[in-house]
Structure formats: structure tokens, C-alpha cells
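Side chains included, hydrogens not; waters and symmetry mates left out as well; all remaining heavy atoms used. Lettering follows sequence order; numbering is per chain, from 1. Note that this is a predicted model, so its numbers are computed, not measured.
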Amino acid sequence: MLALRKVEKRFGALAALDRIDLEVAAGEVLGLIGPNGSGKTTLLNTVTGVYPPSGGRISFQGADITGWRGHRIARLGIARTFQNIRLFPTMTVFQNVWASQHSRVSGGLLGLLRSSPSRRCGDTGRVDEILELFGLLKDREVLAKNLPLPARRRLEVARALTTDPPLVFLDEPAGGMTPAETADMARLIHEVVAPNRTCVVIEHKMALITGVCTRICVLDFGRKIAEGLPGDVLADAKVREAYLGRDDAPDA
Amino acid sequence: MIDFVQNTVDGMMFGSSYALLAIGFTIIFGVMRRINLSFGATIMLGAYIGTWLHVHHQVSVWIVALTTLASTVLVGIYVERLCFHAIRRSAVLASMVSSFVIWMQLEEAAIHLLPERTYAFPALLAAGSFELGPFLFRAEQTSMLILAMIIVGVLHVLLYRTRFGLALRAVSENSLAAAYMGINAAWVTLCAFALVSLMGGVAGYAILSTDAQITPFFGLWATFKGLIAMMLGGMGSLPGAILGGLLLGVVEAHALWYLGNEYKDLSAYLLLFGMLVLRPGGLMGQRILSREALAFRRV
Amino acid sequence: MDDYVITVLSNIGMISFIALSAYLLLLTGEISFGQQAYFGLSAYAAGAATAMFQLPIWAGILVGACVAGIIAMVVGALTLQLSGLYFSVATLAFAEMARLILLIVEIQVEVDGEMVGPEGANGFHGIRWMFERDISLTEFMLLIYGLLALTVIFLLLVERSRLGSVLRMLGSDDLLAEMQGLNTVRYRILAVGAAGVIAGVGGALYAHFTTYVEPQFFNVMLGVHALAYGLIGGLGTAFGPLIGVAIDVGFLEAIRFIQGYRMIVFGGLVAILLIFMPRGILDEERVHRLKAVFSRRNHARA
């Protein structure tokens with residue numbers, strides 16, 4: 001579904017991504033792990049068009065998307081969340097999700113002017129459906145900035161799903177959460193996000209990774225050092241060294 | 001050729017005053033990440049208070065100079081308290097608009113103080129000129145260039161050799177981290193404001209004595225010349241502010257000589273617009289606005 | 001109504017256009033110091049259309065708005081990379097360039113034995129459409145408010161629509177907006193162009209109301225005032241800038257006894273207001289709460 005061929009990203013002399021080859025198959029839940037600064041978020045930013053890669057090619061569903069601008073990639077069907085939660089803080093929960101459907105609803109300028117929520121054009125029902133799935137319906141009219149952290153993380157995932165993307169990147173969906181909240185997020189990913197779509201999860205919390213991922217890929221210093229089934233990868237000597245060697249062990 | 005060199009020299013002389021104004025902007029921007037639109041008006045009102053003493057009480061030139069500096073600092077502190085300290089740090093726009101309305105306020109206060117259009121401004125040094133080879137130097141402009149160099153030197157020592165300078169640079173890098181390190185960011189900001197106002201007062205006094213007159217328009221002039229020079233050099237960069245000021249002065253001098261008075265300001269704005277479109281970071285600024293920076297902006 | 005009141009009201013109306021124009025850009029997160037340029041360029045273009053080429057006023061307004069909109073889009077495309085203070089200063093530089101060029105431009109044609117047209121620093125005299133057609137001040141004021149009402153209704157519709165959300169998304173977090181599939185470049189140029197058109201309508205009206213325009217009127221003070229109006233009134237709704245204009249031009253004009261101290265009082269009041277309401281009187285949160293109150297009432301009635 002998504003294929004990276006020798007993708008490089010350099011910031012000055014630093015190679016944040018060093019000739020990464022990666023294949024994401026349709027329907028799988030890939031866990032992307034690695035110590036801090038290993039290039040996970042850079043990989044995500046490069047794929048979603050925040051910045052172009054310095055080298056290599058990226059293709060998605062057969063189309064070469066190398067160097068495309070972010071909005072085209074998003075329209076093609078790759079959605080994402082952010083490690084440091086990004087929402088539209090002065091919009092309500094409903095508006096955050098509703099406005100984000102932009103790429104699903106086209107129809108030029110007139111379409112933009114017409115479709116307002118008060119006029120009940122079909123898609124508001126869908127927004128409420130998604131909010132319901134993520135347990136946010138009761139907070140529908142709350143401003144996003146007033147939500148507690150777990151709800152903000154859930155809202156981010158909900159927003160990413162509104163465009164109905166075939167591929168979703170979740171960047172630390174359980175960052176800053178308690179074990180109970182993490183388990184709740186794992187359940188949501190398993191029950192709501194993963195069915196019907198491909199999913200890449202970047203995470204430090206091994207409970208979440210082992211709970212939802214069908215396959216794991218490990219990055220270290222911008223290189224892919226291991227890839228495979230969760231059990232095999234976590235037993236890998238190189239992986240343990242990458243984490244334990246720098247006293248940065250994943251909290252199992 | 002002689003004209004060209006003479007114009008360049010004149011431009012640099014005049015540009016040194018722009019540089020002084022730009023340094024004020026750049027320090028305030030560096031420390032607060034906000035723009036003080038009333039900087040020029042602050043200097044103008046300070047100088048007006050000095051001139052008022054001169055007009056109504058015939059005080060000596062030295063007292064005018066000292067009053068100008070002292071009142072510029074006081075007005076600067078007033079602006080800092082009202083437009084920056086009282087408004088939370090994230091409300092960049094509110095601070096800017098607030099400093100704008102206070103500019104209007106200061107301007108009206110100055111007009112009430114001295115209601116005529118222009119007043120003679122008492123200078124410390126008598127006007128004069130001397131020749132060096134084929135080139136003519138005006139004494140007061142030369143002294144401004146020297147003054148600018150002295151101020152930059154003092155500022156450099158203050159910023160890089162003192163504890164206050166360290167604190168100020170820490171606040172400008174990351175005010176939250178600086179606060180956790182036990183630096184009183186609010187106090188440092190106030191001190192920086194007072195320092196910049198003092199420097200602005202010196203610059204204003206030097207410029208006004210070169211002009212030998214003062215009008216309420218000085219506030220607008222100083223604000224925009226300083227802002228342009230800062231942007232040309234690169235926001236937040238000290239060497240950039242100096243270079244930007246000199247460049248602005250030189251370009252204006254050449255435009256005035258070769259194209260005429262109506263093209264002087266036009267060329268300055270054209271230069272600024274071109275610089276922003278082609279090289280937004282200015283002469284000395286880091287390359288800003290790249291997508292990389294954007295992505296990490298909220299980290 | 002006496003002429004003085006009509007003039008003040010007309011001024012409020014015309015200045016509202018430029019305030020709305022600055023507000024539209026504020027929605028997209030950009031602070032423009034340069035909307036006065038579009039106001040001024042359109043005043044010249046519209047004046048030229050009616051006074052030099054004898055076109056009817058609607059054509060003049062259309063020409064002015066189009067000229068302003070097109071130039072705004074070009075400037076918008078050039079400054080696409082810039083944000084924050086860089087954008088503000090670039091717009092300022094452009095506006096001052098435009099003003100200084102208007103100070104130089106002299107194009108005059110002979111109309112009915114008189115020379116008409118921009119005359120450099122002397123301004124552009126003889127935009128006498130109102131006198132030629134015998135239009136009263138009151139009638140012209142109604143024209144101003146008619147067009148203003150149309151603009152406000154348009155902006156309110158935009159705010160209720162998806163386009164409004166799109167603009168607010170752009171203003172709130174452009175990277176996130178792009179990641180949701182928004183063509184940020186296209187919408188930004190669209191917003192800048194629309195803001196130019198709105199300022200342009202105001203400028204075209206201004207030229208015909210005063211019959212005389214000079215570049216000095218379109219200086220940066222006008223632009224910064226326009227910006228301040230939006231911020232005073234509030235960034236939550238298109239009524240915000242109107243409230244700002246009404247407070248400054250209307251309310252303070254009415255209080256005669258502070259004449260001469262007007263800026264001291266106004267400046268102080270606004271500075272204090274901004275301490276407590278940094279995004280204006282009707283900011284997003286207050287608008288949100290007001291809407292909640294109204295919709296609850298409607299529900300109760302239904």
C-alpha cells in the first residue's frame with residue numbers, strides 16, 4: 001500500500017532518515033518504534049508531505065507521491081495525528097471534526113459557501129457518528145482547548161478519521177496517558193481505527209504496541225534496524241541494545 | 001565616482017542613526033517576541049519633554065539632554081507595563097495594537113505639551129563640517145557614527161560579559177526555561193525595556209540635534225525607519241540591525257542623489273519588499289519559515 | 001439629519017469596509033498593515049473610471065474593486081511564504097510603495113474643457129459624480145450602507161459556511177489544515193484577494209463621497225486603525241470590526257468635551273480593554289457562548 005524506497009532526510013549534516021526501505025501492507029497495523037530522536041516523526045513528516053525527502057521515492061497505492069505538497073497527499077488518503085496534539089483550539093469539538101472533512105466534500109467555491117451545519121447537509125450525521133465512536137458526543141459543543149488530555153488525543157484520532165483515509169498514522173496516540181487511559185486508546189485503535197483501514201502507530205508504550213500491532217518496525221539513528229512480528233522483534237538483540245544500551249528502555 | 005563615494009559615506013553616517021533605532025527594535029523583539037510600535041513615539045515624547053523645559057524654562061542644553069533620556073526611560077516603562085507586562089505573552093496581536101493606540105496617546109500628549117508644528121531642538125554640538133581629501137564630512141553626523149559605534153560596543157559588553165546580559169539572552173532564547181532557572185523574566189524584560197528606551201533616547205537626541213528641530217512626526221519616522229532597518233538586517237540579530245541600518249541609509253542617499261527626493265522613501269520600501277520576498281530572513285537572519293521550522297514550531 | 005451627522009455616519013460606513021478587510025485577513029491568521037493600499041488604489045481607479053472615462057458609478061466601484069482584488073492577489077502570491085511579522089511588514093512596504101507611487105503619478109485627460117486625473121502630490125480632484133447626477137448626501141449614505149450590509153451579510157454567510165471554518169483552520173494552524181487536505185496556498189490567495197476587494201469597495205465609495213482623493217489619506221495610520229478596529233470589536237464575528245469603528249469614529253466623535261484629548265482617552269481605554277480582552281469584545285469564546293444562549297432559547301421556544 002505504502003512503499004518507501006531508500007528514503008533519506010537530512011537536516012544540514014544530520015541524517016534524520018538514512019536510506020529507509022519500508023513497505024506497509026494493506027490492512028495491517030504497523031508499530032513504528034525506536035528511541036527518542038531515531039527518526040520516527042521525521043519519517044511521518046516526510047511521508048505526509050510536511051517536507052520533501054532529500055532522496056529516495058515514496059509511493060502510495062501505486063502513485064508516486066515523492067515531493068507532493070501535504071494537502072494532495074492528504075486528499076489521496078493518508079491522514080495523521082500529531083505527537084504534540086494539534087487541534088483548532090477555539091473551535092468546538094464538533095467543528096474540529098466537521099471542518100476537517102474538507103477533503104471529502106468538494107464541489108468548488110459554491111459548495112464551500114453552501115454547506116453549513118445549520119442547514120443539515122448530510123455530513124453532520126457522520127460527524128456525530130464518529131464523535132459517538134470516540135466517546136466525544138457529550139462534549140460536542142465544548143471548545144477543543146477546554147478538553148482534558150485523553151479527550152484531546154481521542155479528538156485528534158477522530159479528526160484524522162473524518163476524511164475516511166485508507167491509511168492513518170498515529171503519532172504517540174497514548175502520549176502522556178495513564179495505563180488505564182492507554183488501555184482505552186488501545187481498545188479504540190483495535191475496534192474503531194484498525195478495521196477497514198491500514199494503520200501505522202508510533203509509540204513508546206509497549207503495552208499499546210504489543211496490544212494492537214500486527215507487525216513492528218524499529219528505527220535507530222535514522223536507520224531501520226529490525227522488522228517483523230512483535231514477539232520476534234522485541235527479543236532481537238539489536239533492538240534491546242538500541243533501547244537498553246542508552247538507558248532508554250521502553251516501559252513494558 | 002567621487003559622488004558615489006560621498007553618497008555612500010553620507011548614507012552610512014545617516015544609516016548609523018537607523019541602526020541605533022533598529023537595535024532597539026531587535027532587542028525588544030528578541031526578548032519578547034513582540035513588536036513595540038510605540039518605540040518611536042516614546043523617544044519623541046521624551047525629547048518633547050526635554051524641549052518643553054528648554055522652551056519654557058530656558059534650561060541648559062545638558063539638562064535638556066538628561067531630561068530627554070530620563071523621560072524616554074520613564075515613558076518606555078509606562079509602555080512596557082501597559083502594553084506588554086499586563087497582556088499575556090501569547091497575545092502578540094493585542095500587544096501590538098495596544099502599543100499602537102498608546103503611540104497615538106503619546107503623540108497627542110506631545111502636541112498638548114508643545115502645540116506648534118516644529119520647535120528648534122537644542123544641540124550639544126555646534127554644526128560644522130570638515131574635509132578629508134575630496135570628501136566632506138558633517139561634524140554632527142560623524143559624531144553620530146562614532147556614538148553608534150560606542151553604543152554598540154557598550155551593548156555588546158553588556159549582553160555578553162555581564163550576568164544581566166546572560167539573563168537577557170536566556171529569556172530571549174526560552175523565557176519559560178529561563179524562569180525555571182530562577183531568572184525573573186518579568187524583571188529582566190522591564191530592565192531590557194528601560195535599557196532600550198535609554199538607548200533610543202540617546203539615538204533620538206543625536207538624530208534630533210542633527211536635524212536641529214523636532215516635530216510630532218518624529219515618532220512615526222523613528223518607528224518605521226527602525227522597523228525597516230531591523231527587517232532588512234534580520235529580525236532579532238544585533239549585527240543585522242547595524243548592517244540593515246547602514247544599508248538603508250546608503251540606499252536612501254543614492255536614491256536621493258540619482259533619482260530625486262520623491263524616490264528616496266520609495267526605493268527604501270522597494271528594497272524592503274524585495275528583501276522580504278526573496279530573502280525573508282534578512283541579511284543576517286537565520287533562514288526562517290522553512291517547513292522544518294514550521295513543523296517543530298509547537299514542540 | 002444635518003450634514004455633519006450624515007458625514008460622520010458615512011465615514012463610519014466607509015471606514016468599516018477597510019476594517020472588515022483587515023478582519024478577514026485576521027481570520028486567516030495574518031496581520032496586514034497594508035489594507036489601506038487597496039482602499040487607495042481602488043479610490044484612484046474608481047475615480048478615474050467615472051471622472052476620466054465617464055463611466056457610471058457601479059462600473060467605477062466594480063473597476064476599483066477588481067483593481068484592488070487583482071493587485072491584492074499578486075501581492076498575496078509574492079508574500080505567500082511569509083507569516084507573522086514578516087507578512088505584516090511586507091504588506092506595509094507594499095502599501096507605502098503604492099502610496100509613494102501615487103504621489104508621483106500624473107495622468108490627466110481633458111473632460112469638458114478641464115484637466116481631470118491624478119496629479120501627483122496634489123491628489124486627484126474633480127470626481128464629481130455626485131454633483132453631476134445631483135445625488136444628495138443622504139442618498140449616497142444609503143448607497144454606502146447598502147453595500148456595507150451586503151458585505152457584512154456575505155461575511156456572515158462565509159462564517160457560517162465551511163469556507164469560514166476553512167479560513168479559521170488556516171488561521172489557527174496552517175500545517176494541520178494542510179494535513180487535513182486543505183490547499184493552503186489557494187485559500188490564502190483567495191482570502192487576500194477577497195480582503196482587497198472589500199477594501200476596494202470602501203475606497204471607491206470614498207473617492208466619490210469626498211470628490212477628491214490624495215495619497216496622504218492612505219497612509220499607514222489608516223491601515224493600523226483598520227487593524228485595531230477588528231481587534232477592539234472582537235475577532236469572533238464580522239460585527240466585531242463594525243463595533244470597533246463605531247466606538248472610535250462614532251462614540252468618540254459624539255463626546256465633544258474630550259475634543260483634543262480624544263486619542264489620550266481612546267488610547268488609554270483600548271489599552272485597558274486589551275488587557276482584559278486580548279482578542280476583543282466579541283472574541284471567539286464569547287461568540288460561542290452567545291450562540292449557545294440563543295440556540296437554547298430557540299429550543300425552548302420550539
Start with the C-alpha distance between C:F266 and B:Q105, add both sets of side-chain angles, then the distance that settles side-chain contact (heavy atoms from CB on, under 4.5 Å), and finish with yes or no. CA-CA 8 Å; C:F266 180 66; B:Q105 195 186 36; over 6 Å; no

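Only the side chain of B:I35 comes within less than 4.5 Å of a heavy atom of chain C; its backbone N, CA, C and O stay farther away. In this structure, chain C has no heavy atom under 4.5 Å from any part of B:L271. Looking at B:F273, both its backbone and its side chain come within 4.5 Å of chain C, counting heavy atoms on both sides. Of the two parts of B:L278, neither the backbone nor the side chain holds a non-hydrogen atom closer than 4.5 Å to a non-hydrogen atom of chain C. Of the two parts of C:L26, only the side chain, counted from C-beta on, holds a non-hydrogen atom closer than 4.5 Å to a non-hydrogen atom of chain B. For B:L266, the parts sitting under 4.5 Å from any heavy atom of chain C are the backbone and the side chain alike. Interface remark: C:F33 contributes side-chain atoms only to the contact with chain B (heavy atom separation under 4.5 Å).
B:V101 and C:A271 make their closest contact through CG2-N, 4.1 Å (heavy atoms, listed as atom of the first residue, atom of the second, distance). Between C:P278 and B:R88, the closest heavy-atom pair is CG-NH1, 3.5 Å. Taking both residues in full, the closest heavy atoms of C:L274 and B:A94 are given as CD1-O, 3.6 Å, listed atom of the first, atom of the second, then distance. In terms of heavy atoms, C:I31 sits closest to B:M96 at CG2-CE, 3.5 Å. Scanning all heavy atoms of the two residues, the minimum distance from C:Y261 to B:E108 falls at C-OE1, 2.9 Å.
Among the candidates B:L276, B:I87, B:I102, B:D265, the residue making the largest number of heavy-atom pairs closer than 4.5 Å to chain C is B:L276. Interface check for chain C: of the options B:F224, B:Y263, B:F29, the most heavy-atom pairs under 4.5 Å are formed by B:F224.
Screening B:M104, B:E107, B:H112 for a side-chain contact (heavy atoms from CB on, under 4.5 Å) with C:I264, the sole residue that qualifies is B:H112.
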